[in-house]
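Written out below as structure tokens is the structure these notes cover.
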Number of protein chains: 2
Amino acid sequence: MSCITQPAQAKAGIITDAMKHVAEVEMVSPETIRAAVAAGTVVIPANINHKGLVPVGIGRSLKTKINANIGNSALSSCPRQELEKLRHALKYGADTVMDLSTGGNINQIRRSIIEHSPAPIGTVPMYEVLARCETVDNLSESFILDVMREQAEQGVDYMTIHAGLLKAHIPAAKKRMLRIVSRGGSILAAWMNKNNRENPFYTAFDEILEICRRYDVTLSLGDGMRPGCLADASDEAQFAELDVLGELVRRCRAADVQAMVEGPGHIPFNEIEMNMKREQRVCDDAPFYILGPVVTDCAPGYDHITSAIGATMGAFHGAAMLCYVTPKEHIGLPNARDVRDGVIAYKIAAHAADVALGKPGARDRDDAISRARADFDWEKQFELALDPEKARELRAEALAERDMPADHDHKDERFCTMCGPNFCSVRISREL
Amino acid sequence: MSCITQPAQAKAGIITDAMKHVAEVEMVSPETIRAAVAAGTVVIPANINHKGLVPVGIGRSLKTKINANIGNSALSSCPRQELEKLRHALKYGADTVMDLSTGGNINQIRRSIIEHSPAPIGTVPMYEVLARCETVDNLSESFILDVMREQAEQGVDYMTIHAGLLKAHIPAAKKRMLRIVSRGGSILAAWMNKNNRENPFYTAFDEILEICRRYDVTLSLGDGMRPGCLADASDEAQFAELDVLGELVRRCRAADVQAMVEGPGHIPFNEIEMNMKREQRVCDDAPFYILGPVVTDCAPGYDHITSAIGATMGAFHGAAMLCYVTPKEHIGLPNARDVRDGVIAYKIAAHAADVALGKPGARDRDDAISRARADFDWEKQFELALDPEKARELRAEALAERDMPADHDHKDERFCTMCGPNFCSVRISREL
């Protein structure tokens, strides 16, 4: 069978419809996208079976993307809730969504999410493997391949596999304060230790590539060794795994399979630039898909903020996609409100980095909202806001606190409740 | 009268009680603090009339400090509300508090705030000047000096004056999209324009220094030309004023008056490092006290986040104190909840920068909470959190969503609702 993946076509000189769409959205030429897809520095996760997909390009030469994780746990499972989270994630601007369900009817939830999502959908197949094999002792290469084949057939656009965490790395992880905080990574390490065998995702990697080639599933090479606290950042375990991920990127590219690399995690602010550059070097500039990073461990309840700080710095230094972190991180499973808070914090991080990097058109929205501010055009400010509802809510609250109704007609009001009419710098300085 | 200011004593080789206290908190030697106060690279705002003050050191060699602004406007005035905001600000960790009241009984509100605050209190005297002189036409040097003398006598620890915005700078401001967004700056510019006179804070600067010397009031040299949108950042108007602020720093130091310099504002992420270094060079390393900076204009309702990103980058590159921005910025006057959200976002920014810079003891709290996480010690995690109440609230919410009571005894629960018992990476990898 001839290979139908985006990179196979790009290497053959073909500009696909997906590439054309990405070029238009990114305001670059289709040829630029084709060349980057051929080189592997841009991926377009687009399973041939995901009907209604609107393709998204991911790479550090393009606008920074954000991913929102949804999905249930065995303790809390409801397909309706997950579709509600999907709607929230897309409404507030997630570019891709991962279904990380680990319990309940995983298959049905995923099918429904794919059907309802124009955005690329990612999964961590290991979660379904585990949910289905009942006990980790039943884990096997063939079980993994079966699940990945089914998910690929179903239309999953990208899959995270922790194929780079090898048996030889486990002693380095045992020296850590929080050892292995990746769910998939910790389970694989436990299995490898118990059975004295190598990581099955690594040993079956050629078969996995075959599945991905067939449906054009993008591999997201997971970092099972991502540090779970500042004390564990940038250590031997993390970088030993990164070296293997670099090797796997080259195997993906040789097989015309698209690949991203996943990154940390908990990283002090001063080490973020180094981490981004190291990935670019070790993994031949494969798109880096980072989780946060969280820049302090001590703000549970606010990790959308601790991590948006790290994510901005990461994107500024070359991360291509930012996996959101919600306020519930380290505490529990996010609900719809947490999803909104996480998505908006990450839209801010991605946008701030794009503005700083001078990406095409990135600053236009800032200039437009600032012009509306200068003109006291409240409606336009709301429309241009990353979260118009929130801006309206807070404005209504501020009006209520000065005993004005929420539907007060503020269109022509040439001041805000912050300064009042006599101290309005915008009005005063316009009259200069 | 001999000069009693901290720098006068430091230059005479005296280590004051305030310096000793700051040295202890900062984990450095008293002599280090004395030398930095003598050089002017550290200030200790401590009005001799502020009873019950616990002195705080501000300088880039020390831990990053945060300031919370409170205060009413003419549209919303209630002393009880302001004391409530003060309590919130101090409870969640503000190092200093500014009373920016512009209406109502300014004097009474300020007196009450000073009485109730162990933290240094700052003001912008121009607001009271304007509130009292009824119309800006009555503005005069002697009015300004009277108000500053009264506030100094009352115990205000530091005062923001916009003395660096000169008549010659106004044409550059008129080229901007948002001109002058500083309240004090815009009013002064309007007055200078109308009366064809120089900035009265500049012309009366020697008399101002006399008042500050007498009570050891620290001057915070305000940036009336701070950019109000990304389009206006790092421009001619901003840097022309900065040059004057550098000149004023040198005049303060010659007069044994403590001085900080205030900084922007709205700055794209890539220009923050340059802005910090420029202030250090132009203002001889006077402590830089920055407002944000906000790194994108288009997220009203979330400016505590847009600005915490900029503030972390600013502190990492040398800002000494971060003035918080609340979610209500650009929308209205903050309420108590907004104060809490702003303070915590800035505690995160300051702490993340201190960790990144390796300031003494900064990482201890992160390591302690991560150890508690590894031990499933939920109570200890809550205690060590920057906002324990919020962490407990979200935990209770997560428990409620799995139908468990909020007072469920989770002390010994070796997993969280995020992953559930079978996918708990922390537990699994501890058993390796």
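Lettering of chains follows the sequences in order, A, B, ..., and the numbering in each one begins at 1.
No other option in A/His266, A/Met313, A/Gln381 has as many heavy-atom pairs under 4.5 Å with chain B as A/Met313. For the options B/Pro268, B/Ala349, B/Ala385, B/Ala345, heavy-atom pairs under 4.5 Å to chain A are most numerous at B/Ala385. Comparing A/Ala368, A/Pro388, A/Gly185, A/Ala308 by how many heavy-atom pairs each has under 4.5 Å with chain B, the most go to A/Ala308. When A/Lys194, A/Arg373, A/Lys174, A/Arg365 are compared by the number of non-hydrogen pairs under 4.5 Å with chain B, A/Arg373 comes out ahead. Heavy-atom pairs under 4.5 Å with chain B were tallied for A/Ala356, A/Gly301, A/Ala362; the largest tally goes to A/Ala356. Taking A/Ala311, A/Ala173, A/Ser182 one by one and counting their heavy-atom pairs under 4.5 Å with chain B, the maximum is reached by A/Ser182. Your options are A/Val355, A/Leu384, A/Leu100, A/Ile369, and the one with the most heavy-atom pairs under 4.5 Å with chain B is A/Ile369. The candidate from B/Asn335, B/Val426, B/Val181 with the greatest count of non-hydrogen atom pairs under 4.5 Å with chain A is B/Asn335.
Both the backbone and the side chain of B/Thr306 come within less than 4.5 Å of a heavy atom of chain A. Interface residue B/Asn193: only side-chain heavy atoms are found under 4.5 Å from chain A. With a 4.5 angstrom heavy-atom cutoff, B/Tyr302 touches chain A via backbone and side-chain atoms both. With a 4.5 angstrom heavy-atom cutoff, B/Pro327 touches chain A via backbone and side-chain atoms both. Only the side chain of B/Asp338 comes within less than 4.5 Å of a heavy atom of chain A; its backbone N, CA, C and O stay farther away. When heavy atoms are compared at a cutoff of 4.5 Å, B/Ile170 approaches chain A solely by way of its side chain, counted from C-beta outward.
Scanning both residues, A/Pro300 and B/Ala391, for their nearest heavy atoms gives O-CB, 3.8 Å. Closest of all the heavy-atom pairs between B/Ala352 and A/Val295 is CB-CG2, 3.5 Å. The shortest non-hydrogen separation linking B/Ala190 to A/Ile428 is CB-CG2, 3.8 Å. The minimum heavy-atom distance between B/Gly332 and A/Ala398, with the atom names listed, is CA-CB, 4.1 Å. Here the closest heavy-atom approach between residue A/Leu333 and residue B/Glu401 is recorded as O-OE1, 4.4 Å.
With A/Asp366 contributing its side chain and B/Asp297 its backbone, the two residues share a donor-acceptor pair below 3.5 Å. Between the A/Ser425 side chain and the B/Arg183 main chain, no donor and acceptor come within less than 3.5 Å of each other.
Once rounded to the nearest 0.5 Å, the distance linking NZ of A/Lys347 with SG of B/Cys298 reads 9.5 Å. How far CZ of A/Phe269 is from OG1 of B/Thr312: 6.0 Å, rounded to the nearest 0.5 Å. Rounding to the nearest 0.5 Å places CG of B/Leu230 at 5.5 Å from CZ of A/Arg363. Interatomic distance, A/Ile187 CD1 to B/Cys424 SG, rounded to the nearest 0.5 Å: 10.0 Å. One finds the OG1 atom of A/Thr296 at 10.5 Å from the CG atom of B/Asp354 (value rounded to the nearest 0.5 Å). Atom CG in A/Leu432 sits 11.5 Å away from atom CZ in B/Arg176 (nearest 0.5 Å).
Proximity of B/His304 to A/Ile305: side-chain heavy atoms (C-beta onward) are separated by under 4.5 Å at one or more points. Counting heavy atoms from C-beta on, the side chains of B/Leu357 and A/Asn270 never come closer than 4.5 Å.
Salt bridge A/Glu397/B/Arg337: present, at least one basic N to carboxylate O contact under 4.0 Å.
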Show your reasoning for whether side chain to side chain contact (heavy atoms under 4.5 Å, CB included) applies to B/Ile348 and A/Ile309. CA-CA 9 Å; B/Ile348 290 169; A/Ile309 292 168; 3.8 Å; yes
